[in-house]
Amino acid sequence: NPKFIASDDWPCGVNYGAFHALEKLFIRHPYAALTRFFTLQGQGLEREDRKQLLALKKQAESVPLEILLRDLNQLGSTDQREMISKLTAPQLNIFGSEDRLVPPIVAEQLKHLSPHAQNVTIKGAGHVLLLSHVTECLTSIHQFINESIIIK
């Protein structure tokens, strides 16, 4: 999502109140906030994929808290829409149809920002589709490379 937080001109982001609540939770109880964040990412995952996500959460817990808070603040304040609209290189955006953090409507909005970009939505995938739908992601990437990048 080029702009993670929703606004009047970008309604497909995360609600500011929900994001602000996560920031406040992180300041008071950082590990509870990490658990909440990873739980959101892992919704709908199969057992083995949840194990991999849990391993990633354990790695995140070893990152200094000030760095995690800085990154969370940056996520909340970054707006890359203008930059994306200026890109001329081939682009592939892959979305999950069940993603609760980056909803599929973002793909529709990106068509307006970058009409030449290719958007793929993988049915049944959530936010961590690179864990849950590896084959579908790789297929989309290979197809994109073959059709958009490799000159035949």
Side-chain angles (χ1 to χ4, degrees), residues 1-27 30 33-45 49 52-53 55-57 59-151:
N1 198 340
K3 185 174 186 289
F4 193 72
I5 303 297
S7 60
D8 290 341
D9 63 342
W10 191 257
C12 53
V14 171
N15 174 282
Y16 175 77
F19 183 79
H20 186 62
L22 182 64
E23 282 182 314
K24 285 172 46 178
L25 178 62
F26 187 86
I27 291 167
L34 271 176
T35 298
R36 184 173 179 186
F37 184 69
F38 276 87
T39 299
L40 279 172
Q41 291 184 58
Q43 289 180 333
L45 287 179
D49 296 330
Q52 289 181 343
L53 191 61
L56 292 172
K57 178 184 173 278
Q59 288 180 352
E61 290 174 350
S62 69
V63 175
L65 295 177
E66 59 273 2
I67 292 174
L68 292 174
L69 183 58
R70 179 205 66 200
D71 291 350
L72 183 62
N73 289 330
Q74 187 172 5
L75 180 63
S77 63
T78 299
D79 183 350
Q80 299 177 331
R81 293 175 294 171
E82 183 178 345
M83 185 225 21
I84 287 173
S85 70
K86 293 178 180 177
L87 291 175
T88 58
Q91 302 166 51
L92 172 64
N93 304 301
I94 304 176
F95 299 93
S97 67
E98 306 305 314
D99 192 338
R100 295 193 58 208
L101 293 174
V102 182
I105 192 169
V106 173
E108 292 300 315
Q109 294 299 317
L110 283 174
K111 287 180 184 177
H112 302 292
L113 290 178
S114 186
H116 57 279
Q118 181 180 344
N119 297 319
V120 173
T121 300
I122 297 177
K123 187 173 175 66
H127 189 68
V128 287
L129 57 160
L130 287 171
L131 283 180
S132 63
H133 292 74
V134 175
T135 302
E136 294 91 332
C137 288
L138 288 175
T139 299
S140 295
I141 292 167
H142 286 187
Q143 183 177 355
F144 174 74
I145 289 171
N146 286 332
E147 293 174 0
S148 303
I149 297 177
I150 297 176
I151 301 172

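To the nearest 0.5 Å, atoms CG (L34) and CG (L65) are separated by 8.0 Å. Remark: E136 CD to T139 OG1 distance equals 7.0 Å, nearest 0.5 Å. Between the CD1 atom in I94 and the CG atom in D99 there is a gap of 12.5 Å [rounded to 0.5 Å]. Between the CD atom in Q118 and the CZ atom in F144 there is a gap of 6.5 Å [rounded to 0.5 Å].
Side-chain contact between F37 and L68 is absent, with no heavy atoms from C-beta onward closer than 4.5 Å. Taking 4.5 Å as the limit, every side-chain heavy atom of L92 sits out of range of all side-chain heavy atoms of S148. Residues L72 and E23 are in side-chain contact: their nearest non-hydrogen atoms beyond the backbone lie under 4.5 Å apart. Under the 4.5 Å side-chain criterion, counting only non-hydrogen atoms from C-beta, Q91 is in contact with I84. Put simply, the side chain of L53 reaches to within 4.5 Å of the side chain of V128, judged on heavy atoms.
In this structure, E66 does not pair ionically with R70, as no charged nitrogen and carboxylate oxygen lie closer than 4.0 Å.
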Any chance you could lay out the side chain to side chain contact (heavy atoms under 4.5 Å, CB included) test for H127 and L40, step after step, and finish with the verdict? CA-CA 8 Å; H127 189 68; L40 279 172; over 6 Å; no
Starting from the C-alpha separation in whole Å, work towards a yes-or-no answer on side chain to side chain contact (heavy atoms under 4.5 Å, CB included) for R81 and D9. CA-CA 11 Å; R81 293 175 294 171; D9 63 342; 3.3 Å; yes
Please walk me through it: do Q52 and D49 pass side chain to side chain contact (heavy atoms under 4.5 Å, CB included)? CA-CA 5 Å; Q52 289 181 343; D49 296 330; 4.2 Å; yes
Side chain to side chain contact (heavy atoms under 4.5 Å, CB included) between L129 and F95: does it pass, once the steps are laid out? CA-CA 8 Å; L129 57 160; F95 299 93; over 6 Å; no
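Scanning all heavy atoms of the two residues, the minimum distance from N15 to G17 falls at OD1-N, 2.6 Å. Residues E82 and S85 approach most closely at O-OG, 2.6 Å, considering heavy atoms. Nearest approach of F4 to L101, heavy atoms of both residues: CE1-O, 3.9 Å. Considering all non-hydrogen atoms of both residues, I122 and H133 come closest at CG2-CD2, 3.8 Å. Taking every heavy atom of both residues into account, T121 and A107 meet most closely at OG1-CB, 4.4 Å. The minimum heavy-atom distance between P104 and S97, with the atom names listed, is CG-O, 3.4 Å.
With N93 as the partner, the side chain to side chain contact (heavy atoms under 4.5 Å, CB included) test is satisfied by one option alone out of V120, V106, L110: L110.
In L87, the CG atom is crowded: over 12 heavy atoms of neighbouring residues, nucleotides or ligands sit closer than 6.0 Å.
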